[in-house]
Each structure stands twice: as C-alpha cells, then as structure tokens.
> 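So that we are looking at the same thing, I have put the structure below in structure tokens.
Per chain, numbering begins at 1; letters A, B, ... match sequence-line order. Heavy-atom basis, side chains included; hydrogens, waters and symmetry copies ignored.
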There are 2 protein chains.
Amino acid sequence: MNDDAMDLRARNRQATREAIGHAALRLAIEQGPHGLALVRVQDIATAAGVSSRTYNNYFSSRAEAICAFQADQSRRAGQALRSRPADEPLHEAVTAAMIELYTDPEPDKAGLRMIMQTPELEGEALKAFTMAEGPLAEAIAARTGTDPGRDLFPAVKAAAVAGAIRVAGRHWLEPGNTESFATMLRSALSCVLLAEPPEGPRDR
Amino acid sequence: MNDDAMDLRARNRQATREAIGHAALRLAIEQGPHGLALVRVQDIATAAGVSSRTYNNYFSSRAEAICAFQADQSRRAGQALRSRPADEPLHEAVTAAMIELYTDPEPDKAGLRMIMQTPELEGEALKAFTMAEGPLAEAIAARTGTDPGRDLFPAVKAAAVAGAIRVAGRHWLEPGNTESFATMLRSALSCVLLAEPPEGPRDR
DNA sequence: CTCACAACTTGCGTGTCACGCACATAGTGC
DNA sequence: GCACTATGTGCGTGACACGCAAGTTGTGAG
C-alpha cells in the first residue's frame, strides 16, 4: 500500500488507476447526476492521459471508475482496525478506526453525493462500500478470537459496520445538516456496536 | 401486492416482469457463473415470450433482470415486519418476519448461488438485498416510535439486518453446510439485534 | 355501447461500449 | 547488456441501451 512496498510497475499502475478514477469522478461531478450518460469513456481516458483501450484494462464500466476512490478506501478498513491498540474494546477500536479512515480528510461532499445519489451508480457504490466487509471481518475475527469460517459474528458485525457507515454518509449529505461527518459516524456506529461478541458456547 | 388489488394492466405488467426475470435467472443458471456473457438479451426475451425491446422496457441490464426476484422479495421486508404483533419485542419481531419472508419457501440454492457468487452480478445483488432497507427502516421507526428523518437508529438497524441476511445467505451457500437457512438467519440476526436503541421510546 | 385516451408492445436505427487480438514499449532480473 | 514479462495502444467486432414512431390492447367517460 505504501509506495515503497511496490516496485515501479505497481506504482505506475496504481498511479494510472488513480488518474483514471480521479478524472472519471471529476467529469461526472461536472455533468451532474443527471448528465452521467454525457460522460464518454473517451473523455475520461483523454482527461487521464491514456487511451480508451487502457481505460478498459483498468475498469470494465464507467461506474467502476467513478467509484474507484471509494472502493480503494474501503479496502483499507481492515488495516485501519488492526492499527488500533489491541487492548482497546472492540466498539471503541472500530469507531476510532473508521473515523480515522473516513474523515482524514473530510470527504468531498460533491463526490460523495455523486456516488451515493446517482441511481446508475447505486450498484457500484454499494460494491465500493461493501468491499470493506471482508478485511473488516478478518480484523474483527482476529481481535475477538473468533473463527471467520465457523462463526457468523465477524462477518455480520463487519456488514453492520459497513452499513452504518453508508447510512451515516447518506444522512450527512442531507441538506440542512450541520454536523461533521465524524459526528454522524459516531452516532451511526453506536447503534450497531453495543452488542458484544458472544462469551460462551453458541450454535455455529 | 395481491393480484386482486391490481387492475388488469398492473397484473399483466407484473406477470411479464416475473416471466422475464424467471427466464433470465433460469438461463443464467444453465450457463453457470462463468458463462454469463453467453446469455444474450435476445435469448431471455424469447424465453419469456416477449420482444427484446420489451425486455428493455422492464430492465436496463441483464443483471437487473436476473436479480429481479431477489429485489421483489426484499421490497416486501417492511410489510413482513408490520404484519408481526405490535407487542412483540423488536428483535423477535424482526427475526420472525425475516425468517418468514426469506424461508417461505426455502430459497433455491442454485439461484441464490448464481446471484451471490457471480462477480458480474455483485452490484445488482447488493442493490437487490439493499432494497429491503428503506421499507424496513420505516417499519422499525414505526415500531420504535423514532423519527427516521432525525434519528439514525432505524436506518442503521435496517442496514444491519439486511447485511446480516446477506451474510447468512453467503454462509448458507458454503459447501458442507447442513443447517437450514432459517437457522443461519437466526444466528446472523442475533448478532445484530442485541443492541438497543440509543435513547427515547422503543417498543415494550 | 361506443369512442377517445392512455398504457403497452414492437421494429428499426443509432451511438456506445466491452473486449479479443496483435504489435509496440517499458521494467525487471539474470 | 539481454531476454522476458507486464503493460499501453490501435483496430475490429458483436452486443447492448435507448430514442422514436407505429400498431395493439386495457380503461373510463358520455
């Protein structure tokens, strides 16, 4: 994930991926949620400085390119949780990790609005947020000492957390909202994190 | 939702929608997850007894057609919860409602596997399961006396429930699993329903 | 009952798109 | 430096989503 950990090929690849994703999101924002069809693949590729064929080597749909940033961010959820101190209670660790991951820096409202409120992007946006579940589930399993293969708890909790983040984002985008995203996140996560992992034996 | 409540037009429309959706899912299952590209729109339309143009009047992508049944089922989640007795505790009501909705009849494993384990369908599948959230959130808000516009609790809880159902389905599909889907659902939902609403009125 | 209107289906045409293939170029490891 | 592999690019092809207009069927008013 750090540049130092990747060779030149991987760094270039990541750079063009981000360039294409950034160009796609920027052009989409310019056209607004109703003019998404006007954003041609050729435009995105040109704006990113690559050929349209190369664009297709990285993404198989416009939606995927536009949501790439959100997807990349979600992939880091597991690492974010693992970076919390091991003796921190689960709900505090998850809350702190997600706030750090999703509010550093504060999200771009225009971009998030484009992703979350454009019907054509709904599927990809859900995919992007859901990508946090796998890594998160593993990190939660490691922290709680549960077995992800046999116990539903880590995966269910991860899905609940990812869903809470999504709901927090939706409410944060609502007009007339003055709260910071961090506050919304804390509220949403508190609805989901009060249940503790099962202590004794449970059906698996 | 009952046929009696719809006029002829609406009934015909629902019938063709289901015919197209059923044909799409059936053909997709026949080709398997790796041969999805071989299922042509023309084939689906022909199998459903309509023109390919009509197919496009109902669905704007193959994925949407294939996942139509799952989407329709999710839309009924709110109604399922509302049909539970008002004095039942929230977690019992939700569990009973979801088990009734998703295990009557027991889901078709081939169909669910196609929908949940085919990468090209991932976005649509998530959309389909997520469609339960809106109606569910309203029903939960009504039951707990919370305001969906001000309080995050109903939406977060609905997202958590929808996520738990999805995770339960994923585990149910894993090879070597002998449990019934109802059992998986109960386990998954128990991980999510133990948290209580933050403050204010709730049922019971 | 009949007639006008609205909803729906269908065929056709068009602009995009995803992707296979082959070749050129750049990074990597010996 | 020299093969070797990964990646970028141009071209061609088949499929698809959707606008448009004409034909067909359900619906409701007079």
> Students often get this wrong, so: under 4.0 angstrom with heavy atoms, is A:Ser60 touching a base, only sugar-phosphate, or nothing?
sugar-phosphate
> Is any side-chain N or O of A:Thr54 closer than 4.0 Å to OP1 or OP2 of D:dG8?
no
> Is A:Tyr58 touching bases, backbone alone, or none of the nucleic acid, heavy atoms closer than 4.0 Å?
sugar-phosphate
> If you pin B:Thr16 and A:Phe59 to their nearest nucleotides in DNA chain C, which one's is more 5'?
B:Thr16
> Take atom CZ in B:Phe69; do more than 12 heavy atoms of anything else shown fall under 6.0 Å from it?
no
> Within the 4.0 Å heavy-atom criterion, would you say A:Ser52 contacts the bases, only the backbone, or no part of the nucleic acid?
nothing
> Return a single string for nucleotides 23-30 of chain C, one symbol per nucleotide in 5' to 3' order, where B is base contact, S is sugar-phosphate-only contact and - is none, cutoff 4.0 angstrom on heavy atoms.
---BBS--
> Would you compute the distance between atom CH2 of B:Trp172 and atom OG1 of B:Thr103 and round it to the nearest 0.5 angstrom?
10.0 Å
> Once you round to the nearest 0.5 Å, how far does CZ of A:Phe153 lie from CD1 of A:Ile140?
6.5 Å
> Using atom OH of A:Tyr55 as one end and atom P of D:dT7 as the other, report the distance to the nearest whole Å.
19 Å
> Indicate yes or no: does A:Arg170 engage A:Glu174 in a salt bridge with an N to O separation below 4.0 Å.
no
> Does either side chain, that of B:Ser60 or that of B:Glu64, offer a donor lying less than 3.5 Å from an acceptor on the other one?
yes
> Could you state the atom-to-atom distance from CD of A:Glu120 to C1' of C:dC17 in whole Å?
15 Å
> Within this structure, what is the CG-CE distance for the pair B:Leu185 and B:Met98, rounded to the nearest 0.5 Å?
9.0 Å
> Do the charged groups of A:Asp108 and A:Arg113 touch, with an N to O distance under 4.0 Å?
no
> Within a 6.0 Å radius of atom CZ on A:Arg186, are there more than 12 heavy atoms belonging to other residues, nucleotides or ligands?
no
> So which nucleotide from C:dT10, D:dG8, C:dC17 ends up closest to the side chain of B:Val50?
C:dT10
> Is it the case that B:Ser190 and B:Ser187 place a side-chain donor and acceptor less than 3.5 Å from each other?
no
> I need the CZ-P distance between A:Arg11 and D:dA6, as an integer number of Å.
18 Å
> Roughly how many Å is it from CG in B:Asn57 to C1' in D:dC16, rounded to a whole number?
14 Å
> Could you state the atom-to-atom distance from CZ of B:Arg13 to P of C:dA6 in whole Å?
17 Å
> Between the protein and nucleotides 11-14 of chain D, which nitrogen or oxygen pairs come in under 3.5 angstrom?
none

> Rounding to 10°, can you tell me the angle the first-five-pair axis of the helix from C:dC1-D:dG30 to C:dC30-D:dG1 makes with its last-five-pair axis?
40°
> For A:Phe59, does the CZ atom have more than 12 heavy-atom neighbours from other residues, nucleotides or ligands under 6.0 Å away?
yes
> Counting only side-chain N and O atoms of A:Arg62, is one of them less than 4.0 Å from OP1 or OP2 of C:dC17?
yes
> Under 4.0 Å: is that the gap between some side-chain N or O of B:Asn56 and OP1 or OP2 of D:dA17?
yes
> Quickly work out the B:Ile20 CD1 to C:dT9 P distance and round it to whole Å.
8 Å
> How many whole angstroms separate atom CG of A:Asp43 from atom C1' of C:dG15?
14 Å
> For the pair B:Lys157 and B:Glu133, find out whether any cationic side-chain nitrogen is under 4.0 Å from an anionic carboxylate oxygen.
no
> Please state how far atom CG in A:Leu36 lies from atom C1' in C:dC17, giving the value in whole angstrom units.
14 Å
> Give a yes or no on whether a salt bridge exists between A:Arg40 and A:Asp43, defined as a side-chain N under 4.0 angstrom from a carboxylate O.
no
